[in-house]
Every structure is written in C-alpha cells, then in structure tokens.
Student: 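Before anything else, here's the structure in question.
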Amino acid sequence: MSHTTPTSAVVTRFAPSPSGHLHVGGARTALFCWAFAKGRGGKFVLRIEDTDQKRSSDAASIGFVRDLLWLGINFDEGPEYEGQGGGAHGPYFQAQRLDIYQKYLDQLLEQGSAYYAFESQEELAAMRAQAKEKNQPFRYTGDAARRRDPAQTAQRLKAGEPAVIRFHTRAGAITIHDEILGDATLPDGEVDDFVIRKADGFPTYHFAVVVDDELMGVTHVLRAQEHFNNSAKHIVLQDALGFRRPVYGHLPLIFNPDGSKMSKRDKDKVLRKVVAQGGITAPPLGTVDPVVFAAWLKDKNTQLEIEPAQRLAESLGAELPEINVDDFRRSGYLPEVICNFLSLNGWSPGGDVEKFDNAFLQANFDLSRVVKTAAKFDRLKLLAFNLHAIQGMSREEFVRRTRAHGALMHPEFMAKLTPEQFLALCDASHERSKTLEDLFRTNGFITIADDALEWDAKVVAKVLRGDSPCGLDHLRSLRVVLRDCDDWSSSSLEGVIKPFADTHCEGNVGKIAQPLRVAVCGGSVSPPIFDTLMILGKASSMRRIDRCISTHG
RNA sequence: GGCCCCAUCGUCUAGCCUGGUCCAGGACACCUCCCUUUCAAGGAGGACACAUGGGUUCGAAUCCCAUUGGGGUCACCA
C-alpha cells in the first residue's frame, strides 16, 4: 500500500465502544467531529473500540449507528450499516485488527520501548491500595521487570505465565498541544509504564487508538475532556512508533443540572428511589426477571437493561430521565433540534445566533469557538427549542412527522383513529405541542371506548357539582340542544354552544365548556372543546355525556 | 492526596485573544400583567451575573499573580 494520503485533508473520527445506544455526550462529540471534517471537505470515520472482551461480548451491538444516522450524522468510513460505511482503512472493528496491532507491538518490543510484565491483578491491586493509603497517586514502575534478563522473561512466557506488555515511558515532561485548551505540560513521572497489551492478547485502548488513528489518517482528534491525560500516553506512543501527531481538541463535558455526571445509571437511580419509596420487594409481573431484580436491589452498582427498566418504570408510573439519543426520540424530540441544542453545549457561533441547522453548523463550526467550561444539560431549554421548531412547521409537515412518530410509538392509538380524526387532532394540537409525543400523551381519552371512560373524581367534584346551577345541570339542558344538532363541525358546535352559554351562564363559556370537557374526556384538559367534540363525533360525544349524567347525576 | 484543566445571570452562552463603545448582550427558566372554554401557546413588562483579593494601567469582565470554588485523571474500561 502506498502512502500517498494527502496530508492536507482533514480526517476526524468518532470511536465509541460498541453499544446499542448513543449517549447525548457521545452524540455531541460525533456531531462536532462530523461538522469539523465535513466543513473542511474532509472525512468523518466511525470506528468501533471493542477491545474489551468482557464488555464487547456482543460485538454486533452497534445499534447506536441508527441514532447517529437519525441525527443526520453520516460517516464516510466505518462499519457497513444500511448503506453507510465501508472504506479503505478497515476493518473498523478493533477486535478484527489484532494482527495489525501485533506488528507494532513487535516493533516496540524490538526497540526496547516495551516489555513483558508479570504482576498479577491482585498484586497490582495491592500496590494501588497501598498508594491510596498513603494518599499517593499510583504509578507503575517497571524497573524490576525490566531488569529481569530476557532469558528469564522468555522462560516465563514459555511456561505460559500470564503477562501483559507495558510501554516503557522515557523520562521527561510531556506537553499536550490542544486547540481548545491551549498547551498543558505534565511533569516528568506523571505517565507511567502503562499496559498496551492485555494478558488476553488484546491491545488496550491507548495502543489501539494510536495505531488506528495513524493508519486511518486521522488528522484531528476531538474527544471529551476526560481523555485529556490519556493524550499524554498517546503522544509518547506516537513518538516511539514514529507516527504523525494529530491535532488535539478536548471538548468540555456535559453534566446533569445538579452537576453530576450524565449517566445511564441515572435511570437506575430514579427507579431505586421509586422502589424504595413504594417499599417494593418484588418486581411487578412481566417487568423484570425476579432474580435479576433481587440482585439489582442488593447491589446499587448494577444496572438494569434498558427494556426491563422501561417496563418497570411504566408499571411504577415513574418517568425515566432521557439520557440516550433514543430516549429523546421516543419522547418526541426532533433530531434537528437535538443537534442544534447539543451544539450549544460547548460551542456557539458567536453573537446572538442560537437557532441553526446542521448545514450551518458544518459551515461555521470551529475549534476556536469551543468553550472550555463544562455545560449542564438544560432539558427545559431543549423543550423550548423543540416547541419553537414544531410551531415553525407547516401543517403538512407536522401531520407527517406526528404520524410517523405515532406509527412507531403508538400504533394502537393510530389504529383507533380514522384519517379524518387524526388530521383534526393534529390541527387542534399543533401549536400546543412541545414534542411529537404530546398529542398522544394528552389525548388518550379519544381512544378509550365510550363505556370504559372513567372520570377523575376530583375534577368531577369541582366542575360538575358545587354551585347551582351546577355543571351537571348545564349538561342536562345542553344535551337536548346538542341532540338536535346535526352539523357536528367545530364551528357549528360553537354556534350552538355559545348562545347557550349566553342564555344560561351570562355568556361565560367556561361555565359550560368545562363540564362538557369533563363529560367527554374524563379530565379537565383537552384540546379546545369544540374541536374535542368534533373529533369524538356526535355519537361518541352524546354517549359520553349521557353516561356522565347518569353516572354522576 | 499528586498532576492537569476551568471560573460572566439559576442554566446555555456573547463579550476576553486585539483593555475604553459593557453601570455587560441574547436565549431558556423565573416573577408581574394582558389574552383566554381547560392545558398550553401568544403578547407586554420585570428581576437576575463579570467568584474573591491583590497588582499592571489614565482606564480591566477583558492582562498578570494569589486565594477560593468546581471538574478531570491516577485500570489488563474505553
């Protein structure tokens, strides 16, 4: 293979470990990497870091790629996935590149830049504990190991003793050049002889990253700030291997509003709280496996799988916090809004501009405008952005996207509405929808059978009873009027009910609208009442009103 | 604890590099009022920040130092 890769072309990469779900933090990293490369006519590479056999048992679980594409983040090279990916620098799964790493491992070994080490996990843990006890940082010193003669090392290896390969870090301070943070120098001794190949033969993250970034021609490494110190390790590796050094940019972290790290564990946290408050000792049927549940209860560090966690939350009436991109999709957020909002966490185009699309981001994203400070993820502002975007949609677009969301998330709801009903519901809900989920969440009464509707006791007491004439009295006299009303359109109903309110309630429409609303939907919230009646249709509306009167009369 | 990084309204941020136009701008949230058949939405107002202390300078949110506070990292995880 020739090395004619033009050095001027920008290449960035997003390199997550395999997972079925894309975290919003990861999404932002991917978005920035994508925007940076694409805005400069470069390439964006996706690489799967599956060198941890314990966690990557299901190496095919790269479901998050779907989330990436949903957000509009496509990649030029990477695993093949629904028409995306492929490329000349594959394979893009690190677990499939073991022979490549071995070559460079050998080079390091020959150079004397790496050596075998035989300490057991237990020994290392003891050393770490000791360091911690003395309040000292743990640093592995390879002197003893390196002093061992090669013959003995060979013998131990031959005997099948488990061994790792460590990098021999030379003395000296290491300076990291960072396009976002500026330069930072780690003093001599900060980087110890870290492991580059594990006992199971897999490279560690540090080693695989350095080799792959070089081979894949990555020019700019943009990743979260938690990787900052790792960059020092990568730099010394690059130097030892004679590799080029990419430009680094460490992105500020994204936190929860309370300052804690945003983590999928937050879901477990919410569930544990609800379970504890409810004094629940066994999982509701069909939610979580009882054995798993017991183990989960016992060990606070364990996490439930996403699907069981969702079932459990639903059955307990708990709201799980949105953490993954898919959570936000399910909650009815728009991908373009998520991208827009995510960009604003850590970057801004300057001035007062804050609403923009991915094309704008691509054209304007620049490292010099990335902020250094961590951001707290403000869901309320995201919600406001989503509302604004929905309001900005045409009627057709709103219908189309709501229908798509409904087909995916609420097929049973969709099945119960005629196309005309659905359209009317969309019109009645458009300007009040903060998410695509709102319509489905707040209009459940429409899909309930007329004779199965239940009324909220509190609301009944407040709206239907009380002063005289009370709501029920109004309903009784209004039902006669409505019964004779043949044109059940919104405007016609208004033409009937408003005059009724004039004569019976001194023009106070609320006095009659609320009892009506409660009668037909069971609660105090619905779209405007005339729309609500129209959507339900005359037969259904009348049945509900009559049943309400007889039930509460 | 060692090392590294950071510090503008409650939150995301503009301004900082190239000191004066900033008694600090926008957005979300919040408060008040208006509109109103519910919930929203919408309209009009309002309150709210340069962490602290020293310098440098005629002048500092902007430059320097210290303090304080916050974060990251210290794995055969990535």
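Per chain, numbering begins at 1; letters A, B, ... match sequence-line order.
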Student: Where the side chain of A/L344 is concerned, which of B/G42, B/C12, B/A78 is the nearest nucleotide?
Tutor: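 Nearest to the side chain of A/L344 among the choices is B/C12.
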Student: Sort and list the pairs that fulfil ring-ring contact (aromatic ring centres under 6.0 Å, His included) and have at least one residue in residues 510-533 of chain A, not counting sequence neighbours.
Tutor: none
Student: In whole angstrom, give the distance that lies between atom CD of A/E119 and atom C1' of B/C76.
Tutor: 11 Å
Student: Should B/U73 form a Watson-Crick or G-U wobble pair with both distances under 3.5 Å, which nucleotide is its partner?
Tutor: B/G2
Student: State, with a plain yes or no, whether a side-chain heavy atom of A/K434 is found less than 4.5 Å away from one of A/I390.
Tutor: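 SC-SC contact between A/K434 and A/I390 ruled out.
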Student: NA contact type, A/P527, heavy-atom cut-off 4.0 Å: base, sugar-phosphate, or nothing?
Tutor: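 Base contact.
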Student: Which whole-number value in Å describes the distance from A/K376 NZ to B/A29 P?
Tutor: 18 Å
Student: Kindly point out which of B/A78, B/A40, B/C3 is positioned nearest to the side chain of A/Y205?
Tutor: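 For A/Y205, the side-chain atoms sit closest to B/A78.
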Student: Say you pick atom P in B/G25 and the same atom in B/G53; how far apart are they, in whole Å?
Tutor: 22 Å
Student: Ignoring the backbone of A/D378, work out which of B/U38, B/U11, B/U37 is nearest its side chain.
Tutor: B/U11
Student: In whole angstrom, give me the gap between the P atoms of B/A60 and B/G2.
Tutor: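 My reading of the P atoms in B/A60 and B/G2 gives 35 Å.
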Student: Between B/U62 and B/U18, how many Å separate the two P atoms, rounded to a whole number?
Tutor: 14 Å
Student: Name the nucleic acid region contacted by A/F202, choosing base, sugar-phosphate or nothing; use a 4.0 angstrom heavy-atom cut-off, strictly under.
Tutor: nothing
Student: For A/G346, answer base if it contacts any base atom (sugar-phosphate contacts may also be present), sugar-phosphate if it contacts only those atoms, and nothing otherwise; contact means non-hydrogen atoms under 4.0 Å.
Tutor: sugar-phosphate
Student: For a quick check of understanding: with a heavy-atom distance under 4.0 Å over all strands, which category does A/R379 fall into, base, sugar-phosphate or nothing?
Tutor: nothing
Student: Rounding to the closest angstrom, what is the interatomic distance between B/U57 and B/C64 at atom P?
Tutor: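 Roughly 16 Å separates the two P atoms.
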Student: Taking everything shown except A/Q130 itself, do over 12 heavy atoms lie less than 6.0 Å from its CD?
Tutor: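 No, CD of A/Q130 has 12 or fewer neighbouring heavy atoms, counting only those of other groups under 6.0 Å.
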Student: What interatomic distance, in whole Å, is found between P of B/G45 and the corresponding atom of B/C23?
Tutor: 23 Å
Student: When only distance counts, do a donor and an acceptor, one from the side chain of A/K381 and one from the base of B/A29, lie under 3.5 Å apart?
Tutor: no
Student: Within the structure shown, what part of the strands sits under 4.0 Å from A/F377 by heavy-atom distance: base, sugar-phosphate, or nothing?
Tutor: nothing
Student: Using atom P of each nucleotide, how far apart are B/A49 and B/U67 to the nearest Å?
Tutor: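 Taking atom P in both B/A49 and B/U67, they lie 28 Å apart.
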Student: Which part of the nucleic acid, if any, lies within reach of A/L253 when heavy atoms closer than 4.0 Å are counted: base, sugar-phosphate only, or nothing?
Tutor: sugar-phosphate
Student: Quick one: are A/K198 and A/D52 in side-chain contact, heavy atoms under 4.5 Å?
Tutor: yes
Student: Has the side chain of A/K372 got a donor or acceptor atom sitting under 3.5 Å from an opposite partner on the base of B/C6?
Tutor: no
Student: Between A/F228 and A/Y248, is the ring centroid distance below 6.0 Å?
Tutor: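 That pair fails the under 6.0 Å test.
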Student: Base, sugar-phosphate or nothing for A/I529? Non-hydrogen atoms, less than 4.0 Å.
Tutor: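 Touches a base.
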Student: Between B/G2, B/C12, B/U38, spot the one nearest the side chain of A/R139, thanks.
Tutor: B/G2
Student: Picking from B/C5, B/C76, B/G15, which would you name as closest to the side chain of A/A184?
Tutor: B/C5
Student: To the side chain of A/K261, which of B/A75, B/U73, B/C12 is closest?
Tutor: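 Of B/A75, B/U73, B/C12, B/U73 is nearest to the side chain of A/K261.
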Student: So what does A/V164 touch, heavy atoms closer than 4.0 Å: a base, only the sugar-phosphate, or nothing?
Tutor: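 The answer is base, as A/V164 lies within the cut-off (heavy atoms under 4.0 Å) of a base atom.
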Student: Using purine N1 to pyrimidine N3 plus N6-O4 or O6-N4 for Watson-Crick, or N1-O2 and O6-N3 for G-U wobble, both under 3.5 Å, which nucleotide pairs with B/A29?
Tutor: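 Checking every strand shown, B/A29 finds no partner, since no pair has both distances under 3.5 Å.
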Student: Side chain of A/L380: nearest nucleotide among B/A29, B/U38, B/G26?
Tutor: B/A29
Student: Just to be sure I understand the rule, does A/P187 reach a base, reach only the sugar-phosphate, or reach nothing, if contact means heavy atoms closer than 4.0 Å?
Tutor: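 Sugar-phosphate contact only - A/P187 comes under 4.0 Å of backbone atoms but never of a base.
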Student: Is there a Watson-Crick or G-U wobble partner for B/C23 with both distances under 3.5 Å, and if so, which one is it?
Tutor: none
Student: Between B/A27, B/C39, B/U37, which one does the side chain of A/F385 approach most closely?
Tutor: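 Closest nucleotide to the A/F385 side chain: B/A27.
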Student: NZ of A/K198 versus P of B/A75: gap in Å, rounded?
Tutor: 15 Å
Student: Out of A/E214, A/H220, A/M216, which one pairs with A/V218 under the side chain to side chain contact (heavy atoms under 4.5 Å, CB included) rule?
Tutor: A/M216
Student: What's the closest nucleotide to the side chain of A/S524 if the choices are B/A27, B/A78, B/U38?
Tutor: B/U38
Student: Just checking A/E226: base, sugar-phosphate only, or nothing, at a heavy-atom cut-off of under 4.0 Å?
Tutor: sugar-phosphate
